[in-house]
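Below, read A as the first sequence line, B as the second, and so on, with proteins coming before strands; counting in each chain starts at 1. This is a predicted model, so every value here is computed, not measured.
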2 protein chains.
Amino acid sequence: MMRSADVDRVRSLPLFRVMSDTAFRDVTGGAFLQKFPAGTTLLTEGDTVDFLYVLLDGSVELGASWNDKDTTLAVLRPVSTFILAAVVLDADALMSAQTIERSDILMLSGEALRRAMREDAAFSVAVAQELSGCYRGLVRAIKSQKLRGGLERLANYLITQKIRQGGADTFTLPHEKRLLASVLGMTPENLSRAFASIADYGVVINGPQVTIARPLVLERLAKPDPLIDNHTPPTDAPIGKAQRERWPTDRHQRTGS
Amino acid sequence: MMRSADVDRVRSLPLFRVMSDTAFRDVTGGAFLQKFPAGTTLLTEGDTVDFLYVLLDGSVELGASWNDKDTTLAVLRPVSTFILAAVVLDADALMSAQTIERSDILMLSGEALRRAMREDAAFSVAVAQELSGCYRGLVRAIKSQKLRGGLERLANYLITQKIRQGGADTFTLPHEKRLLASVLGMTPENLSRAFASIADYGVVINGPQVTIARPLVLERLAKPDPLIDNHTPPTDAPIGKAQRERWPTDRHQRTGS
DNA sequence: CGTCACGATTGACATTTATCAAGCGTACGT
DNA sequence: ACGTACGCTTGATAAATGTCAATCGTGACG
């Protein structure tokens with residue numbers, strides 16, 4: 001059902017690394033690994049959630065809608081789990097999930113997950129840590145949304161993106177601009193104008209290519225704040241939302257070796 | 001250090017009900033119960049978090065600020081825990097906490113909490129459930145913020161408040177309007193105007209007294225949605241964020257008796 | 001090769017929200 | 001009782017954001 005390489009990738013996630021082999025086999029026993037084309041709706045808000053999803057390849061948008069409007073709450077990249085909170089509570093989904101590009105997605109039985117939590121304290125601690133990381137990600141998102149204006153959100157997004165992609169002054173926007181607009185909580189038209197305005201702060205846009213020509217000028221506009229922006233640098237280690245939140249002050253290093 | 005009645009109240013929280021007596025004693029052993037006057041800052045964003053806070057009496061505002069602006073993320077009423085996510089990750093606080101009125105607050109050692117999680121699977125499951133509830137509360141908040149306009153947010157707030165206070169057409173706003181404005185993500189001036197506008201939808205304001213004269217008209221404006229608004233009815237049982245999120249489709253009733 | 005669909009951009013305009021300023025009412029302390 | 005501080009309200013105005021419409025460029029597909 002799963003290739004061994006995929007099993008390894010899941011196993012090496014912080015969430016599953018702490019599980020016993022038997023518990024891991026139990027949880028992955030009835031799992032599905034599916035490939036979905038771009039634009040597939042995996043889950044609609046309000047749906048009953050039977051599975052924990054793990055994005056192994058591709059990308060997924062988490063969104064929500066109300067009254068003919070819709071917005072994007074997050075864009076996920078591999079390797080990420082999603083709708084963990086709904087699985088833990090065995091509750092309905094509050095967000096929709098849709099593939100952005102062709103994606104490999106692993107689906108783990110929610111029931112088995114909850115059983116494993118009850119039987120394995122280390123695992124449920126890992127779940128609690130992952131959830132804490134997700135929670136803090138949302139706190140950052142709300143703070144950005146309520147405290148900053150559109151231009152400031154964009155400026156900080158660009159700075160964060162630059163760092164996450166390695167720190168070079170030129171990088172590529174990872175998504176369509178329309179999607180970015182939805183993430184940033186504005187209309188595509190407004191994002192376009194924001195890109196035009198931000199040229200005054202030394203940002204050069206060339207299609208999906210962005211060059212931050214005068215980083216200090218941009219920073220003066222953005223005023224990035226570690227309590228809002230999570231400037232976690234890129235890493236090849238499989239990382240969960242919890243680890244992202246712990247850096248750089250990881251007081252509990254348990255991967256000692 | 002704690003009155004027996006207070007111990008009982010904490011013990012009966014979903015978070016702590018599942019703990020063994022010995023684990024509970026261990027966690028509450030080095031606990032402080034303190035009374036704070038109104039307006040006391042308990043915690044500033046960025047601070048190291050050493051304790052899990054439990055609000056036993058009074059009320060507490062969770063807020064955040066950036067660039068001389070500030071906003072309120074939540075207002076807590078007894079009995080609630082707060083900054084659980086930071087405690088679980090042993091990370092810095094992303095929000096500030098301040099008493100709104102004179103409050104009784106219990107402070108439990110974060111270190112002891114994390115130890116109890118590692119040793120007691122049932123407890124760490126309860127922590128994961130509470131965190132899931134908090135997470136979903138934030139998802140609702142972001143959806144409200146990004147998808148609705150100010151007047152719609154106010155309308156839904158009033159409907160939610162009406163239900164939470166028992167369902168009568170007349171009820172009392174639980175906070176100052178300036179605080180409500182901050183919760184709803186608008187300026188006090190704007191909230192004032194929103195209250196004036198909402199009179200057209202059959203809402204009569206008299207100081208802190210609100211009367212919803214034509215509920216159906218207001219609902220047509222508000223379009224409340226269970227995927228955004230948590231219309232949990234009032235209860236006398238000590239309830240956690242997780243329970244709030246499970247109602248009304250609690251598929252895992254474990255308080256069987 | 002042409003056509004079509006779609007994302008991005010730009011302009012004009014409407015709506016919403018914030019800001020500044022003034023005035024009102026009430027609770028509180030002297 | 002008086003004054004004062006503070007929350008609330010209202011008005012005038014500015015800034016930000018959304019909406020509608022048109023255009024441009026590009027990539028997919030017949």
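Donor-acceptor pairing under 3.5 Å, judged by distance alone, is present between the side chain of A:R193 and the base of D:dT19. Remark: the A:R178 side chain and the C:dT9 base include no donor-acceptor N/O pair separated by less than 3.5 Å.
Of the candidates D:dT19, D:dG7, C:dA18, the closest approach to any side-chain atom of B:T187 belongs to C:dA18. Listed candidates were D:dG7, C:dA8, D:dT19. Nearest to the side chain of A:S192 is C:dA8.
OP1 or OP2 of C:dA18 has at least one side-chain nitrogen or oxygen of B:N190 nearer than 4.0 Å. OP1 or OP2 of D:dG18 has not a single side-chain nitrogen or oxygen of A:K69 nearer than 4.0 Å.
B:G149 comes within 4.0 angstrom of sugar-phosphate atoms only, judged by non-hydrogen atoms across all strands, and of no base. Using a 4.0 Å heavy-atom cutoff across all strands shown, B:E189 reaches at least one base atom of the nucleic acid.
Nearest approach of B:N156 to B:P224, heavy atoms of both residues: OD1-CA, 3.2 Å.
A straight line from NZ of A:K146 to C1' of C:dA18 spans 15 Å, rounded to a whole angstrom. For the pair B:K177 NZ and D:dC6 P, the interatomic distance rounds to 19 Å; values are reported in whole Å. In this structure, A:L154 atom CG and D:dA16 atom P are separated by 15 Å, rounded to whole Å. Between the C1' atom of C:dA18 and the CG atom of B:L184 lies a distance of 16 Å, rounded to the nearest Å. Between B:Q209 atom CD and D:dC8 atom P there is a gap of 15 Å when expressed in whole angstrom units. Between the CG atom of B:L191 and the C1' atom of D:dG7 there is a distance of 12 Å, given to the nearest Å. Here D:dT17 presents its P atom at 13 Å from CZ of A:R148, a figure rounded to the nearest Å.
B:L56 is listed as a side-chain neighbour of B:V79, based on a closest heavy-atom distance under 4.5 Å. Between A:L73 and B:K143, the closest side-chain pair of non-hydrogen atoms falls below 4.5 Å.
Electrostatic pairing of B:R140 and B:D229 does not count as a salt bridge here, judged by no charged N lying under 4.0 Å from a carboxylate O.
Remark: the A:S65 side chain and the A:E45 side chain contain an N/O donor-acceptor pair separated by less than 3.5 Å.
With DNA chain D read from its 5' end, the first of the two nearest nucleotides for B:A196 and A:L151 is the one closest to B:A196.
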